[in-house]
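We name chains A, B, ... by the order of the sequence lines, and we start the count at 1 in each one. Please read these numbers as outputs of a predicted model, since none were measured by experiment.
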Number of protein chains: 2
Amino acid sequence: MTSRAHTGVRSTGHTDERAPEDCPVREVLDRVGDKWSVLVIVMLGRRTHRYSELHRAIDGISQRMLTLTLRALVRDGLVDRTAHATVPPRVDYALTDLGRTLLEPLNALDRWAILHRDDIRAARERHDRARDPRPDGT
Amino acid sequence: MTSRAHTGVRSTGHTDERAPEDCPVREVLDRVGDKWSVLVIVMLGRRTHRYSELHRAIDGISQRMLTLTLRALVRDGLVDRTAHATVPPRVDYALTDLGRTLLEPLNALDRWAILHRDDIRAARERHDRARDPRPDGT
DNA sequence: CAGGATCCGTAAGGATACTG
DNA sequence: CAGTATCCTTACGGATCCTG
């Protein structure tokens with residue numbers, strides 16, 4: 001997150017790498033597929049939040065990661081940062097119009113996840129049981 | 001990829017962590033948000049491929065990563081593996097029905113990326129120019 | 001309060017060599 | 001051909017302490 005400039009495929013030296021058709025999906029995932037971005041986006045999709053609110057709401061995130069994630073989102077024009085010159089300081093984060101448009105495809109993924117999480121879980125257990133039978137119960 | 005068991009939020013010791021609403025999106029991203037999975041899925045979305053075909057098509061991927069990615073996808077029931085007992089050996093990979101359903105939300109993301117990649121690029125340049133003005137042209 | 005600066009462990013992923 | 005096995009580098013992310 002600190003300085004990713006590549007598009008998803010890192011070169012080894014030759015410059016002619018090609019994904020299926022340049023695959024824009026990977027571009028999105030490169031900036032939103034990390035551990036926290038979507039969580040932040042979902043939160044801001046509900047309403048504007050200030051830094052401390054996000055920190056409390058997204059349980060488990062460190063200050064460092066929250067800051068880094070927000071910075072990246074602001075940089076990409078998905079999130080708006082508004083610093084109020086009060087004391088103590090107060091900073092509000094909100095989705096931009098662009099950021100809001102991202103909510104739709106994200107919700108599509110969300111619906112898919114809800115619909116098929118059990119299938120995946122089942123497939124995995126089937127698969128694991130096949131290669132590690134463990135006849136008894138230890 | 002080798003052994004991720006957590007749901008997206010790692011605990012520090014207390015057990016009451018909560019994402020916005022358990023956020024299933026993150027679940028999907030945990031298994032498909034990595035560097036290669038979607039590329040593979042997209043390729044298999046076009047047609048069945050054998051190992052070597054994928055290796056050549058997805059330029060930049062290492063054997064190790066292709067194998068690991070495929071294994072995870074098979075395990076999750078998104079991809080089917082068919083080994084033909086010929087010599088030389090031949091292994092075909094194809095999307096399962098479940099895997100095919102994932103193509104839709106993925107395409108939604110894809111469309112979003114295509115539609116807004118320029119906005120993001122623009123926002124980023126604006127942002128970067130703001131904090132690193134570089135008046136002349138060095 | 002809203003971060004910035006550091007330090008550090010882990011895990012993702014690349015390169016390479018080898019095998020059924 | 002379709003992988004395995006190993007080694008090694010890096011980048012991601014957590015913990016902690018400090019500041020305007």
Trainee: Using side-chain heavy atoms (C-beta onward) and a distance below 4.5 Å, is B/L73 in contact with B/R71?
Mentor: no

Trainee: What residues from residues 86-95 of chain B pass a heavy-atom cutoff of under 4.0 Å to DNA chain D?
Mentor: B/P88, B/P89, B/R90, B/V91, B/Y93

Trainee: Of the options A/H84, A/H49, A/R50, which is the one that meets A/D92 in a side-chain hydrogen bond (donor to acceptor under 3.5 Å, both in side chains)?
Mentor: A/H84

Trainee: To the nearest Å, how far apart are A/R71 CZ and C/dG3 P?
Mentor: 9 Å

Trainee: Can you run down the salt bridge (Lys or Arg N to Asp or Glu O under 4.0 Å) pairs that involve residues 100-123 of chain B, sequence neighbours left out, and say none if there aren't any?
Mentor: A/E27-B/R117, B/D97-B/R100

Trainee: Look at the side chain of A/S52 and decide which nucleotide, out of D/dG13, C/dC1, C/dG14, has an atom nearest to it.
Mentor: C/dC1

Trainee: Any side-chain heavy-atom pair from B/R81 and B/L70 closer than 4.5 angstrom?
Mentor: no

Trainee: Nearest whole Å is fine: how far is D/dG13 P from A/L39 CG?
Mentor: 12 Å

Trainee: So do A/M65 and A/H55 actually touch side chain to side chain, heavy atoms under 4.5 Å?
Mentor: no

Trainee: Quick one: do the B/T67 and B/Y51 side chains pair a donor with an acceptor below 3.5 Å?
Mentor: yes

Trainee: Give the rounded distance in Å between these two atoms: CD1 of B/I61 and C1' of C/dA12.
Mentor: 13 Å

Trainee: Rounded off to whole Å, could you give me the CG-to-P distance for the A/L66 and D/dC12 pair?
Mentor: 17 Å

Trainee: Below the 4.0 Å mark, does C/dG3 have OP1 or OP2 next to a side-chain nitrogen or oxygen of A/R50?
Mentor: no

Trainee: Please name the pair of heavy atoms, one in B/L95 and one in B/I41, separated by the smallest distance, quoted to 0.1 Å.
Mentor: CD1-O, 3.9 Å

Trainee: CG of B/D30 versus P of D/dG13: gap in Å, rounded?
Mentor: 11 Å

Trainee: What is the distance, rounded to the nearest whole Å, between atom OH of A/Y51 and atom P of C/dC1?
Mentor: 12 Å

Trainee: The side chain of B/R64 lies closest to which of these nucleotides: D/dC1, C/dG14, C/dG4?
Mentor: C/dG14

Trainee: NE2 of A/H55 versus P of C/dG3: gap in Å, rounded?
Mentor: 12 Å

Trainee: Round to a whole Å and report the spacing from NE2 of B/H49 to P of D/dA2.
Mentor: 12 Å

Trainee: Measure from the side chain of B/Q63, starting at C-beta and using heavy atoms only, and say which of D/dG3, C/dA2, D/dA5 lies closest.
Mentor: D/dG3

